[in-house]
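Okay, so here's the structure we're looking at.
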Amino acid sequence: MLDSFTVDTRREGPVWVFSTHGYINNVGGETIAKRFEEAHADGGSKYLFDLGDSKIINSIGVSFLIEILERILETNGTMAFCNCAPIIEKTFKIMGIMQYATIYPTVKEALAGMREAV
Amino acid sequence: MLDSFTVDTRREGPVWVFSTHGYINNVGGETIAKRFEEAHADGGSKYLFDLGDSKIINSIGVSFLIEILERILETNGTMAFCNCAPIIEKTFKIMGIMQYATIYPTVKEALAGMREAV
Amino acid sequence: MNSAREDITHPESVKEINLTIPMIPDMEIAAGKTAEAVAEVMNLDEDKTAEVSMALIEACLNSFEHSHSEDRKVYITFRVEDSELTIILRDKGSGFDPESVEKPDLERMLRPGIRKRGWGLKLMESMMDSLTIESGPGGTVVTMKKKR
Amino acid sequence: MNSAREDITHPESVKEINLTIPMIPDMEIAAGKTAEAVAEVMNLDEDKTAEVSMALIEACLNSFEHSHSEDRKVYITFRVEDSELTIILRDKGSGFDPESVEKPDLERMLRPGIRKRGWGLKLMESMMDSLTIESGPGGTVVTMKKKR
Ligand SMILES: Nc1ncnc2c1ncn2[C@@H]1O[C@H](COP(=O)(O)OP(=O)(O)O)[C@@H](O)[C@H]1O
Ligand SMILES: Nc1ncnc2c1ncn2[C@@H]1O[C@H](COP(=O)(O)OP(=O)(O)O)[C@@H](O)[C@H]1O
């Protein structure tokens with residue numbers, strides 16, 4: 001079944017963690033952006049996107065992530081990703097997202113890395 | 001990648017365990033039949049087929065399993081399956097294989113059940 | 001924010017996917033995967049999706065193996081409707097008489113020397129909600145339906 | 001033992017799969033899955049398989065979104081050769097001039113008010129070994145190749 005897209009949001013210390021489930025297309029991207037804006041309004045500057053349960057992304061979904069990145073950079077925040085499928089990591093590399101965001105293998109490593117960072 | 005089909009054979013006490021990997025089509029079925037004949041020649045009467053790593057089977061593959069079942073029944077042996085994908089279990093039900101062979105959820109449960117059986 | 005996709009509405013009538021595959025080993029898997037994707041897109045559950053895929057794989061294998069078609073191709077149409085998925089498979093082979101195909105019988109088959117084949121049509125029929133076959137010297141048309 | 005499949009040899013030339021999908025949301029996934037299956041059958045590795053699938057998904061989305069085709073269909077051919085997979089995608093839309101499409105630039109895009117879209121062609125180009133586009137008032141033909 002093409003699962004309907006969902007995002008779980010939680011806070012781990014200073015880091016907002018968004019776990020996505022499903023295809024990151026226009027609908028998925030928009031949902032992530034909404035959840036992000038809610039968290040952002042709540043305060044915080046560190047945002048981790050756990051994409052472990054999203055096997056595919058498309059360029060429309062990606063455009064929402066750039067929108068989010070712009071918002072995060074505006075407030076000197078940090079954006080990170082983890083559990084990326086190889087094809088998603090490749091997509092981010094092609095776009096140059098890695099200049100602005102870090103990709104960690106796991107949530108655990110991401111949280112460790114992001115807590116340390118200023 | 002459409003993995004080339006393989007079977008691992010091992011003995012667990014009185015039970016021969018065959019673990020299949022890949023699509024059980026004509027090629028897969030023939031490979032299983034060969035491995036079975038080798039084990040059968042070596043002696044033994046209890047045969048467990050762990051299909052956990054075979055997501056698909058076709059009717060040609062199935063015909064090889066019937067061939068094996070015939071050989072096992074000839075010598076009053078026992079045939080069992082475990083870790084079957086729902087679609088494979090459904091296939092066996094449609095064919096009536098469950099009258100002659102037991103389907104167990106896991107290898108562990110299969111071995112326990114088969115050791116007890118006479 | 002970003003503009004969503006434009007202009008993706010459509011009349012119900014165009015919900016038809018066509019797939020043509022060559023009769024080459026493993027190509028039935030491509031057909032099965034396309035069936036899976038179509039079933040997923042129309043939100044069939046996992047079990048039904050797997051059943052549709054397997055039924056189509058069997059139908060393809062029959063054409064591959066028995067049709068003796070010269071163009072060595074199988075023509076598949078997926079028709080998506082609100083209530084059901086219809087799969088129509090055609091080959092331009094020599095056809096057969098479905099009525100004269102013997103029903104498989106496992107008990108009988110377990111006797112030595114009896115052919116173990118003959119499960120394809122039975123599986124297709126059991127996996128789908130309906131199966132109809134029109135076959136003649138021009139080829140075979142298999143129509144299978146799965147309710148949502 | 002059982003008879004294996006008969007008569008499944010074929011001339012190299014017939015290794016062509018045709019898929020036609022309607023421009024309906026998520027249908028690009030059906031195309032992507034068919035691409036995956038074709039790539040698997042020709043034994044491309046997992047990474048290349050995913051890349052081919054994503055490139056085709058992007059090409060479909062472009063036709064869905066930008067072609068304004070009247071028949072609302074995308075016509076896809078997969079051509080399997082020993083050394084490579086060629087995917088040809090056609091729509092009967094209004095076409096565009098690929099030369100005049102601006103290359104996306106992330107740094108520029110990160111400025112406020114700048115549109116974040118425009119990654120499809122770049123991703124297709126990067127995921128495949130070659131990408132050529134012929135486009136005119138009759139529609140668009142995208143040809144993509146992936147070496148084995
Ligand atoms: N597309 C087809 N073209 C010609 N004959 C067919 C076709 N599909 C099925 N048949 C005939 O029907 C018989 C039964 O098919 P099936 O139940 O799938 O079992 P099997 O393929 O194992 O023989 C085949 O042996 C064949 O004679
Ligand atoms: N099949 C097509 N038909 C018409 N125009 C197209 C087609 N494919 C691409 N284009 C044009 O090329 C532009 C760039 O496409 P792309 O790189 O995929 O980014 P995006 O779709 O996000 O705009 C599109 O905005 C559109 O103007």
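Source: prediction; values computed, not measured.
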Between B/Tyr23 and B/Asn58, is there a side-chain donor-acceptor contact under 3.5 Å, judged purely by atom types and distance?
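The criterion, which ignores hydrogens and geometry beyond distance, is satisfied for B/Tyr23 and B/Asn58.
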Between B/Arg10 and B/Glu12, does any NZ, NE, NH1 or NH2 come within less than 4.0 Å of an OD or OE carboxylate oxygen?
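Counted as a salt bridge, because a side-chain N and a carboxylate O are separated by less than 4.0 Å.
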Tell me, side chain or backbone of C/Ile57 under 4.5 Å from chain B's heavy atoms, or both, or neither?
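The side chain, not the backbone.
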Side chain / backbone / both / neither for C/Glu51 at chain B, heavy atoms under 4.5 Å:
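For C/Glu51, backbone and side chain are both near chain B.
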Structural part of [X] lying under 4.5 Å from a heavy atom of chain C:
X	value
B/Leu73	side chain
B/Leu65	neither
B/Ile94	both

Counterpart residues, ring-ring contact (aromatic ring centres under 6.0 Å, His included), relative to C/Phe78 (two or more places apart):
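Partners of C/Phe78 by the ring-ring contact (aromatic ring centres under 6.0 Å, His included) criterion come out as none, since no residue qualifies.
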Looking only at heavy atoms, which two atoms of C/Arg111 and C/Lys116 are closest? And how far apart?
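The answer is O-NZ, 3.2 Å.
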Contact winner vs chain B - C/Met127, C/Lys122, C/Met109, heavy-atom pairs under 4.5 Å:
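Answer, by heavy-atom pair count under 4.5 Å with chain B: C/Met127.
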Sequence neighbours left out, what pairs pass ring pair (Phe, Tyr, Trp, His ring centres under 6.0 Å) with at least one residue falling in residues 68-109 of chain B?
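Residue pairs passing ring pair (Phe, Tyr, Trp, His ring centres under 6.0 Å), neighbours aside: B/Phe49-B/Phe81, B/Phe81-B/Phe92.
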